[in-house]
Novice: 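Structure provided below as structure tokens; questions to follow.
In what follows, every chain begins at residue 1, and chains take the letters A, B, ... in the order their sequences are listed.
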Amino acid sequence: MRFAPSPTGYLHLGGLRTALFDWLYARHTGGQFILRIEDTDQKRYNPESLQDLMEGLRWLGLHWDEGPDIGGPHAPYIQSQRQPIYQQYANWLVEHGKAYRCYTTEEELEELRARGLPYDRRHRNLTPEQRAAFEAEGRPFVIRFAAPLTGTTTVHDAIRGEITVENATIVDPVLLKSDGLPTYHLAVVVDDHLMEITHVLRGEEWIPSAPLHVLLFEAFGWSAPVFVHLPVILDPSGKGKMSKRKTVVDGREFSPFVRDYIRGGYLPDAMFNFLATMGWSFDPEREIFTREEAIERFDVADISPKATALPFSKLEWMNGVYIRQMDVVALKDAVAPFVAADLGLDVETLRRDPRLLALTPLIQERIKLLTEATALVDWAFLPAEKITYPDPTQLIGKKLTAAQSIEALEAARELIATVEPFEAATLEAAFRSRAEAMDIKLGSFLTPVRVAVTGKTVSPPLFESIHILGREETLKRLVNAIQALTAYAATAVERP
RNA sequence: GGCCCCAUCGUCUAGUGGACUAGGACUCAGCCCUUUCAAGGCUGCGACAGGGGUUCGAAUCCCCUUGGGGCUACCA
């Protein structure tokens, strides 16, 4: 098995899914997972993308057994470093009459294209004299495959069955470019043979050229690997192949790039699970499964041939599921970098902060993405002065007046100051009985307190939050809130 | 245009001639639980693209139509 991306841009989800299936099948069969870099197009090569690619694969936990950075029995694994090999095999084909030098110029090709015509095989049967003349001229040439003019070629696709095409539709593709580098077709066939690749997993956009590859394997006298053409991944809208840019659907922005999901607070395990269900199904009644379970059941023959539009809302849901499954300490550590970055804190200090550890179980079932943590816990790391009440009406409890809300805050202040021991359970008991005594709903009582303490209408469970914050800090915020609401009430009376 | 691939709820999917009044998941709606928000539980909405065959019997097999997608480079 090999994953052979071309480093021309950031790794996208389609590529990751291909790599995932490759990896799964390699692990399932006990085979090798090889990373090979197809950089034979010098014009589009982008060195940054190689780094991005490896980061993405490692993030998902897809470690390769052979590759450019770790070597292996078939090194090198970067095609631009294998140039002599391809030239050697291209020449072998020429010597055996299975390929030929073509001296057609760019302009001549352009002329054909302008008339909507394919290459006309004009140099396929050059006389020795004609060839000598071109050589004497010093004309640059490419090596083209002398494809059969008649008959058909059948490709066996592991998920679609047999695909047969007329050989005449294969018009002598270029194998070796005039710059001496191979095209994809030559490189892939030579490398897959030399690297002893048994299964080729790649996007279905390669189906049309698969017959050519079969023909090349035959020309060399090699046996072809099993072809597995993975369905394309569509835009979230379901219209068209997923673009290489961010797209907006229903007002939400979706990125095709893996890096954006790493930064976006997604968990590798969730992405793994999610991507594994795109075109493959673990079990009709189960969506969540482990890597080990997937490895055990995965088979390329079970992959669906249908193109898929990624259901991103399901990815989010799944990420939430994985977050809830996490060990608290692991989640704390995972969330720390995001919170630290948002709040301008030092990550390591934050990791050791007992408040974050105490807060983590409270937010665990409230976030779907790691990036959502900050909004839920920032108040705990901010001084009282930073908790402001730009909209004092938020301090007013449901079905309460401003005056009643102030009373509630005063009552809270008294309870916070006196409750012993200062713990969530005792605080809750005290607030419950006080609410009853004041004849208001607990929820109405708590809303002003919640906003006073956290500055927001939505927060983790209040009593635990107050306990984590501490008595003194909580008291300060209650005082500030009472002040803010009192000021508001005064102006509100003046101009109703 | 030519060649090729594909076709089950909005989306991801199960289904390989009878167990299908088509199952699961996400989303959405309602209810329950509840200190906010979540999470959780329950209920609901929702699909075999259309038409012909084959067969005692088709979501499942064949053909056509339609629709979607891909390829059509000295890019991968």
Novice: Go through the N and O atoms of the side chain of A/Arg432 and the base of B/rU35, and report whether any donor-acceptor pair is under 3.5 Å.
Specialist: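 By the distance-only test, no, there is no pair.
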
Novice: Please report, rounded to the nearest Å, how far the P atom of B/rA76 is from the CD atom of A/Glu38.
Specialist: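 Atom-to-atom, A/Glu38 to B/rA76, this comes out as 9 Å.
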
Novice: Just to confirm, is there a sub-4.0 Å distance from OP1 or OP2 of B/rC75 to any side-chain nitrogen or oxygen of A/Lys177?
Specialist: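 For B/rC75, OP1/OP2 do have a side-chain N/O of A/Lys177 under 4.0 Å.
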
Novice: How far, in whole Å, is B/rA59 from B/rA14 if one measures between their C1' atoms?
Specialist: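 B/rA14 and B/rA59 have their C1' atoms separated by 12 Å.
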
Novice: Given the P atoms of B/rC9 and B/rG23, what is the spacing between them in whole Å?
Specialist: 14 Å

Novice: Would you say B/rC74 has OP1 or OP2 under 4.0 Å from some side-chain N or O of A/Arg113?
Specialist: yes

Novice: With a cut-off of less than 4.0 Å, is there a side-chain N or O of A/Arg44 near OP1 or OP2 of B/rA76?
Specialist: no

Novice: Roughly how far apart, to the nearest Å, are B/rC33 and B/rG46 at atom C1'?
Specialist: 27 Å

Novice: Would you tell me if any nitrogen or oxygen in the side chain of A/Arg324 comes within less than 4.0 Å of OP1 or OP2 on B/rG40?
Specialist: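 Checking B/rG40 against A/Arg324, a side-chain N or O does come within under 4.0 Å of OP1 or OP2.
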
Novice: Please give the distance between the C1' atoms of B/rC62 and B/rU55 as a whole number of Å.
Specialist: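 Each nucleotide's C1' atom is 12 Å from the other's.
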
Novice: Between A/Trp206 and A/Ile163, name the one whose nearest nucleotide on RNA chain B is closer to the 5' end.
Specialist: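 The residue closer to the strand's 5' end, by nearest nucleotide, is A/Ile163.
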
Novice: Does OP1 or OP2 of B/rC75 have a side-chain N or O of A/Thr183 closer than 4.0 Å?
Specialist: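 No, A/Thr183 has no side-chain N/O under 4.0 Å of OP1/OP2 on B/rC75.
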
Novice: Counting heavy atoms not belonging to A/Glu436, are there more than 12 under 6.0 Å from its CD?
Specialist: no

Novice: Using the P atom in both, what is the distance from B/rU16 to B/rA22, to the nearest Å?
Specialist: 16 Å

Novice: When only distance counts, do a donor and an acceptor, one from the side chain of A/Ser178 and one from the base of B/rC74, lie under 3.5 Å apart?
Specialist: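 Under the 3.5 Å cut-off, the side chain and the base do form a donor-acceptor pair.
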
Novice: For a quick test of reading the model: is some side-chain N or O of A/Lys398 closer than 4.0 Å to OP1 or OP2 of B/rU35?
Specialist: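 It does not, given that no N or O in the side chain of A/Lys398 lies less than 4.0 Å from OP1 or OP2 of B/rU35.
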
Novice: When the C1' atoms of B/rC61 and B/rG18 are considered, how many whole Å apart are they?
Specialist: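 Per the computed distance, 15 Å lies between those C1' atoms.
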
Novice: Mind checking the P distance from B/rG41 to B/rA25? Whole angstroms is fine.
Specialist: 10 Å

Novice: Return yes when atom CD of A/Glu410 has more than 12 non-hydrogen atoms of other residues, nucleotides or ligands closer than 6.0 Å, and no otherwise.
Specialist: yes

Novice: So, A/Asp39 versus A/Ser80: side-chain donor-acceptor pair below 3.5 Å or not?
Specialist: yes

Novice: Taking the side chain as C-beta and beyond, is there a heavy-atom pair between A/Tyr119 and A/Thr104 under 4.5 Å?
Specialist: yes

Novice: So, using side-chain contact (heavy atoms from CB on, under 4.5 Å) as the criterion, who are the partners of A/Asp191 when residues are at least two apart?
Specialist: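 side-chain contact (heavy atoms from CB on, under 4.5 Å) check on A/Asp191 returns A/Arg36, A/Gln79, A/Arg82, A/Tyr86, A/Met195.
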
Novice: Check the distance between B/rC12's C1' and A/Glu316's CD and give it to me in whole angstrom.
Specialist: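 One finds 15 Å between C1' of B/rC12 and CD of A/Glu316, rounded.
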
Novice: Using only atom types and a distance under 3.5 Å, with no angle test, would you say the side chain of A/Lys177 pairs donor to acceptor with the backbone of A/Thr40?
Specialist: yes

Novice: Are A/Asp120 and A/Arg115 ion-paired here, with the side-chain N under 4.0 Å from a carboxylate O?
Specialist: no

Novice: When you measure from the side chain of A/Ser6, which nucleotide among B/rU36, B/rA76, B/rC6 comes out closest?
Specialist: B/rA76

Novice: What are the atom names and distances for every N/O pair under 3.5 Å that joins the protein to nucleotides 22-31 of chain B?
Specialist:
from	atom 1	to	atom 2	distance (Å)
B/rG23	O2'	A/Glu285	OE2	3.1
B/rG24	N2	A/Glu287	OE2	3.3
B/rA25	O4'	A/Glu287	OE2	3.0
B/rA25	N3	A/Lys314	NZ	3.1
B/rC26	O2'	A/Ser313	OG	3.0
B/rC26	O2'	A/Lys314	N	3.2

Novice: Looking only at atom C1', what distance separates B/rC20 and B/rU66, rounded to whole Å?
Specialist: 26 Å

Novice: Quick one: side chain to side chain donor-acceptor pair (under 3.5 Å) pairs with a partner in residues 364-377 of chain A, sequence neighbours left out?
Specialist: A/Asp342-A/Thr374

